[in-house]
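Since the structure comes first, as C-alpha cells, the remarks are kept for the end.
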Amino acid sequence: MEKKLRVGILGGTGMVGQRFISLLENHPWFEVVCIAASPRSAGKTYEEAVGDRWKMTKPMPEAVKHIIVKNVNDIEEVTSEVDFVFSAVDMSKEEIKAIEEAYAKAETPVVSNNSAHRWTPDVPMIVPELNPEHADVIPYQRQRLGTKRGFIAVKPNCSIQSYTPALHALKEFGPKVVVATTYQAISGAGKTFKDWPEMIDNIIPYIGGEEEKSEQEPLRIWGKVEDGVIKKAETPVITTQCIRVPISDGHTAAVFVSFEKKPTKEEILDRWANFKGEPQELNLPSAPKQFIHYLEEENRPQVSLDRDCENGMGITLGRLREDTVYDYKFVGLSHNTIRGAAGGAILSAELLTAKGYITAK
C-alpha cells in the first residue's frame, strides 16, 4: 500500500481502545491519526486522558501520546481527518447504534467491536477466515443508509472465537448439537485484577447476556446473504454456559459436539491442520499463518502458555477425544482482546480494504 489509510479510534481511552492503539503501532496499512472519547477526555492529550489507566503490557506508543482527544460526538470534526474508524465506545446499546450509523452516514466506514449492530440484518458480522462473503451485504446497507463510502461492519462476541472456528472447519460433517462451557478472562469485562480484586481466587458463574450471544452468533456467522440481508443458519443447536474466571486474558471453551456424519479423529485433525481462509490466501498483515493449532499434549492448551499463539491471532485446540454421550469433545482457547476484540476487528478492516470497501477519501 503506497500511502497508509488514516484511522480514527472511537472510545480510544478504554481497554479495547488501548488494545487497538497498541496493535496499530507500526501497522503497514493503517495509521492512527485521530482518537475520540467522551466529553470529559476531549481537549486533553491522549497521554493525559488515559493517565494511570493504561492497561497494556507494552508502553503507550510515542506517536499517540500527544494526539489531542476529540469529543466522539463531534462527528464532522472527526470524520474530516480520517478514512475510516474503529469503534470501541462505552455507551448504551441504542446510543452506540445511533452514533455508529451517524459516522457511516458521514461517509466514514465503521469497523466496530461493539455488539449493538450484530443483529442489524444488513450489517456483516465477520470472522475473516469464516465468512468473508458476508461483506457482499455492504452495498445493500449503503443503499439503505444513502451512502457511497460509509457502512458499518462488526466482529462477533469474543467468547465464540475459541470454538466456532473449530466447528467451522468441520462443516462438511454436519455439526448438529454443540454444548460449550466458556471460562472467560476478566479483560472481557474491561477489567484488570487491580480494578476487580473480588475476582482473585474466585469464579462467577454468570456473565450478563453472554450465553445468548454464544448460542446465537455462530448461527449468524454460518448464515447466508439473501435478498440484501443475512439470514442466520438453523443448525447446529448450541447450548452454553459462560463463567468468569480469575484469568487476565484468554477465553477457554470445553466443547461437546455430535455430527450428522461422524468423522474419524484423523479426519478432524486433518481438517483443523489444513484449514485456512481468505486472510491467509491474501497474506493480510494481521493474519496468522496457521489459524488453528492442535496441541497433542494432554494438558494443553493452557492460557498462560498458549493465548499468544500467532501474536494472539491464532486459535489453539487440544484434548480431542470420543465422548460417551456426544460424538467428540475438545478444548479451545483464544485471546479475547486480540483475536476476540481489537485484533479481529483490525483483520476485518484489512479484509474489507483488500476487497475495496475501505479506501482513502
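The first residue of the sequence shown is numbered 1, and numbering continues consecutively from there.
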Does atom CD of E226 have more than 12 heavy-atom neighbours, drawn from other residues, nucleotides or ligands, at distances under 6.0 Å?
yes

Give the minimum heavy-atom separation between G318 and P301, together with the two atoms involved.
N-CD, 3.6 Å

Lys/Arg cation over aromatic Y328: K262, 6.0 Å, 45° cone:
yes

Is any side-chain heavy atom of V78 closer than 4.5 Å to one of Y103?
yes

So which pairs with a foot in residues 9-24 pass side chain to side chain donor-acceptor pair (under 3.5 Å), sequence neighbours left out?
R19-T337

Within-4.5 Å side-chain heavy-atom neighbours: R118 and E217
yes

Rounded to the nearest 0.5 Å, how far does CG of L10 lie from OG of S112?
8.5 Å

I need the minimum non-hydrogen distance between G12 and I21, along with the two atoms involved.
O-CD1, 3.9 Å

Under a 3.5 Å threshold, yes or no: a donor from one side chain and an acceptor from the other, between E211 and T240?
no

Check whether any side-chain heavy atom of I243 sits under 4.5 Å from a side-chain heavy atom of V245, and report yes or no.
yes

Smallest heavy-atom separation, C309 atom then H293 atom, equals SG-CD2, 3.4 Å

Results of side chain to side chain donor-acceptor pair (under 3.5 Å) for T235 - residues two or more places apart only
none

For F86 and F20, take the angle between the two ring planes, folded into 0 to 90°, and tell me which bin it lands in: parallel under 30, tilted 30 to 60, perpendicular over 60.
parallel

When rounded to the nearest 0.5 Å, the distance separating CE of M313 from CD1 of I346 is 8.0 Å

Enumerate, atom names and distances included, each donor-acceptor pair closer than 3.5 Å involving a side-chain atom of residues 60-68, sequence neighbours excluded.
from: E62; atom 1: OE2; to: K65; atom 2: NZ; distance (Å): 2.8

Please say whether more than 12 non-hydrogen atoms of neighbouring residues, nucleotides or ligands are located less than 6.0 Å from CD in E297.
yes

Just how far is it from atom CZ of R220 to atom NE2 of H134, taken to the nearest 0.5 Å?
7.5 Å

Parallel, tilted or perpendicular for H27 and W29, by the 30°/60° rule?
perpendicular

Beyond-backbone contact of R339 with F291, side-chain heavy atoms, under 4.5 angstrom
yes

Can you confirm whether V178 sits close enough to T239 that some side-chain heavy atom of one is under 4.5 Å from a side-chain heavy atom of the other?
no

Distance-only side-chain donor-acceptor flag, E129 / Q280, under 3.5 Å:
yes

Joint hydrophobic cluster, V16 plus I247, side-chain heavy atoms closer than 4.5 Å:
no

Are side-chain heavy atoms of K231 and K224 found at a separation under 4.5 Å?
no

Side chains of S187 and N336 only: does a donor on one sit below 3.5 Å from an acceptor on the other?
yes

May I ask you to say whether D249 pairs ionically with R307, meaning some side-chain N is under 4.0 Å from a carboxylate O?
no

Distance (rounded to the nearest 0.5 Å) between F256 CZ and T181 OG1:
7.0 Å

Pair F30 and F84, ring centroids less than 6.0 Å apart
yes

Passes side-chain contact (heavy atoms from CB on, under 4.5 Å), I186 versus F193? Steps please.
CA-CA 8 Å; I186 62 173; F193 288 112; 3.6 Å; yes

First locate atom NZ of K355, then atom CD of E133, and finally report the distance between them rounded to the nearest 0.5 Å.
8.0 Å

Going by the angle between their ring planes, with limits at 30° and 60°, are H168 and W222 parallel, tilted or perpendicular?
parallel

Here the gap from N202 atom CG to W196 atom CH2, rounded to the nearest 0.5 Å, amounts to 9.0 Å

Can you tell me if S92 and E95 form a side-chain donor-acceptor pair at under 3.5 Å?
yes

Flag side-chain contact, heavy atom, 4.5 Å: K289 against N283
yes

For residues L317 and I292, determine if any side-chain heavy atom of one lies less than 4.5 Å from a side-chain heavy atom of the other.
yes

Report, as yes or no, whether the 6.0 Å neighbourhood of atom OH on Y326 holds more than 12 heavy atoms from other residues, nucleotides or ligands.
no

